[in-house]
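Quick note on labels: first sequence line is chain A, next is B, and so on, each numbered from 1. Keep in mind that this is a model prediction, so the values were computed, not measured.
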There are 2 protein chains.
Amino acid sequence: MLEGNTAPAPSGRPMRADARRNYERILAAATEAVARHGAEASLEEIARQAGVGSATLHRHFPSRQALLEAVFRGKVEALCASARDLAATQDPGRALGAWLRAVVTHAVRNRGLAASLVRGASGGDPALGATCHTMILNAGEELLAQARRAGAVRSDVSIADLLTLVSAISQATEGDPGGAVRAGRLLDLALNGVHPGPGTMI
Amino acid sequence: MLEGNTAPAPSGRPMRADARRNYERILAAATEAVARHGAEASLEEIARQAGVGSATLHRHFPSRQALLEAVFRGKVEALCASARDLAATQDPGRALGAWLRAVVTHAVRNRGLAASLVRGASGGDPALGATCHTMILNAGEELLAQARRAGAVRSDVSIADLLTLVSAISQATEGDPGGAVRAGRLLDLALNGVHPGPGTMI
DNA sequence: TCGTAAGCGGAGGACCACCCCACTTGTTGG
DNA sequence: CCAACAAGTGGGGTGGTCCTCCGCTTACGA
């Protein structure tokens, strides 16, 4: 934790001090609210908790998706780094499997992450919101290509499909107790199939 | 189609004529609204479309889940019948695969069905809302037991897991164009695994 | 025909996202 | 140092949601 999650000045000059402070307050409140209530947490409540007018929240984060992106940027970057790491140190098949499992684990631990990952795909304009989605897509693409070259995965499997599956599993198990083990079981099922036999990919 | 979808008198005496008429109007409006906007369609709008006060809608259908159950009861019954049919006529492995594919197909064609199926699981009180969920669970259970006896599926796979997976896939692909083929691909992936080799279960 | 209970729906409360606009405040050039 | 001003603020408004209360209407059986 403790990642200095601050990327508030995409425009020319640096932000005003108060604006930056508000940005960070909102981000902190959002992080907590999303952890507590999931991706559908009330924006109004987040603004209230941050001690800020709702207009300020909407100015800094034009859409719910933008806020979620900011909240989870650190996690997503960690996931991408982990992908690079696994690709370099593990054998291709295991690397992909381990990474997908890591994605599920993160998604189960951090409510709203899965939603944030998929929403980037279709919801909202592609220029702004899709960063998390594309980041993780690119990271996974490398891993998948490697596994495919090694003959560990079918050639008709795309990274988009795998991530959709992973997000779907995470969202389906979100909320119920014991969701973590359930999500793990479902991932195992999806990767190894329902047939009897040795599961070669964790 | 054209299933006479009317089960409005669970209590002792028959409903009053106007009540029954309103019940059916609401059901018709809900069917259309859910087809158009998915499981999150506005209840207020449904009541408006049915020419009925919102209180009337809430009296007939105490929860959104109850309304969805009523809307999809026919489809779910058809699915259950199809399970019985497949179990009797196909070899066990294929029967289960074909049925799961049928569930996905139905869920893709009828927006909100997948949500209705899973919501029954956790959301709401178990006495009233879980009918669709338990119906389809029971239907699938039979098919799975048969397939397991034939050695076509791993012994640690539960019907609940399979249906969660199927619903998750349906919901994940809901909304985007070409969702049907995408859903089919994802189901194939989940059933046969990511490894190369002959997929024995369609 | 008529009493009554079953059913009705509008109004209203509590919430929500989002936007407008009069006001405040940090910043910076003189 | 200070003043002009652009950048930033938040209260309040709009229009939407779900859901409930309660006084009125109406279908039905006696």
Side-chain angles (χ1 to χ4, degrees), chain A residues 6 8-27 29-30 33-34 36-71 112 115-116 119 123-125 128-129, chain B residues 6 8-30 33-34 36-71 112 115 119 123-125 128-129:
Chain A
T6 52
S11 62
R13 101 190 72 227
M15 283 178 97
R16 253 168 62 165
D18 55 345
R20 165 173 290 262
R21 195 182 48 212
N22 280 337
Y23 179 96
E24 275 161 20
R25 275 190 190 166
I26 294 170
L27 204 49
V34 168
R36 199 187 301 277
H37 301 111
E40 302 301 304
S42 158
L43 301 181
E44 209 86 9
E45 176 62 26
I46 290 172
R48 218 173 294 133
Q49 210 64 32
V52 140
S54 63
T56 299
L57 185 148
H58 284 284
R59 194 168 333 103
H60 282 295
F61 304 98
S63 70
R64 163 171 253 112
Q65 179 61 23
L67 182 55
L68 288 175
E69 297 268 342
V71 165
S116 158
R119 292 277 178 89
D125 67 305
L128 280 175
Chain B
T6 51
S11 63
R13 101 192 69 224
M15 284 179 97
R16 252 168 61 166
D18 53 347
R20 167 174 288 262
R21 195 182 48 214
N22 280 337
Y23 179 96
E24 276 161 20
R25 275 190 190 166
I26 293 169
L27 203 50
V34 169
R36 200 188 301 278
H37 302 111
E40 302 301 304
S42 159
L43 300 182
E44 208 85 10
E45 175 61 25
I46 290 171
R48 218 173 294 134
Q49 209 65 32
V52 141
S54 61
T56 298
L57 185 148
H58 285 282
R59 195 168 328 104
H60 282 293
F61 305 97
S63 69
R64 162 173 254 112
Q65 180 61 22
L67 182 55
L68 289 175
E69 297 268 343
V71 165
R119 292 278 179 89
D125 66 305
L128 279 177

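Looking at heavy atoms from C-beta onward, A/Ile46 lies in side-chain contact with A/Leu67 at the 4.5 angstrom threshold. Counting heavy atoms from C-beta outward, A/Gln65 and A/Ser116 have side chains that approach closer than 4.5 Å.
Salt bridge present: A/Arg20 and A/Glu24 bring a charged side-chain N and a carboxylate O closer than 4.0 Å.
For A/Ala55, counting side-chain heavy atoms from C-beta on, the closest listed nucleotide (C/dC20, C/dC8, D/dC28) is C/dC20. The B/His58 side chain lies nearest to D/dT20 when the options are D/dT9, D/dT20, D/dA27. In this structure, the nucleotide among C/dC16, C/dG9, D/dC18 sitting nearest to the side chain of B/Ser42 is D/dC18.
Atom CE in A/Met15 sits roughly 14 Å away from atom C1' in D/dA6 (whole-Å rounding). Atom CZ in B/Arg21 sits about 13 Å away from atom P in C/dG7, given to the nearest Å. Taking atom CD of B/Glu45 as the reference point, atom C1' of D/dT17 lies 12 Å away to the nearest angstrom. To the nearest angstrom, C1' of C/dA17 lies 16 Å from CD of B/Glu40. Going from atom CZ of B/Phe61 over to atom P of D/dC18 covers 15 Å, rounded to whole Å.
Proximity of B/His60 to the phosphate of C/dG7: no side-chain N or O atom is located under 4.0 Å from OP1 or OP2.
For B/Arg48 (side chain) and B/Leu43 (main-chain N/O), no donor-acceptor pair under 3.5 Å exists by modelled atom type.
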Please tabulate, for the side chains in residues 52-60 of chain B, all donor-acceptor contacts under 3.5 angstrom to protein atoms that are two or more places apart in sequence or on a different chain.
none

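Across all strands shown, A/Arg59 has heavy atoms under 4.0 Å from base atoms, whether or not it also approaches the sugar-phosphate. In this structure, B/Thr56 reaches the bases: a heavy-atom distance under 4.0 Å links it to at least one base atom across the strands shown. Backbone-only contact: A/Ala19 has heavy atoms under 4.0 Å from sugar-phosphate atoms and none from a base. Within 4.0 Å (heavy atoms only), B/Arg48 reaches sugar-phosphate atoms of the nucleic acid but no base atom.
If B/Arg16 and B/Leu43 are placed on DNA chain D by their nearest nucleotide, the residue sitting closer to the 5' end is B/Leu43. Comparing A/Asn22 and B/Ser54 by the nucleotide of DNA chain D that holds the closest heavy atom to each, the one mapping nearer the 5' end is A/Asn22. Between A/Ala41 and B/Val52, it is B/Val52 whose nearest contact on DNA chain C lies nearer the 5' terminus.
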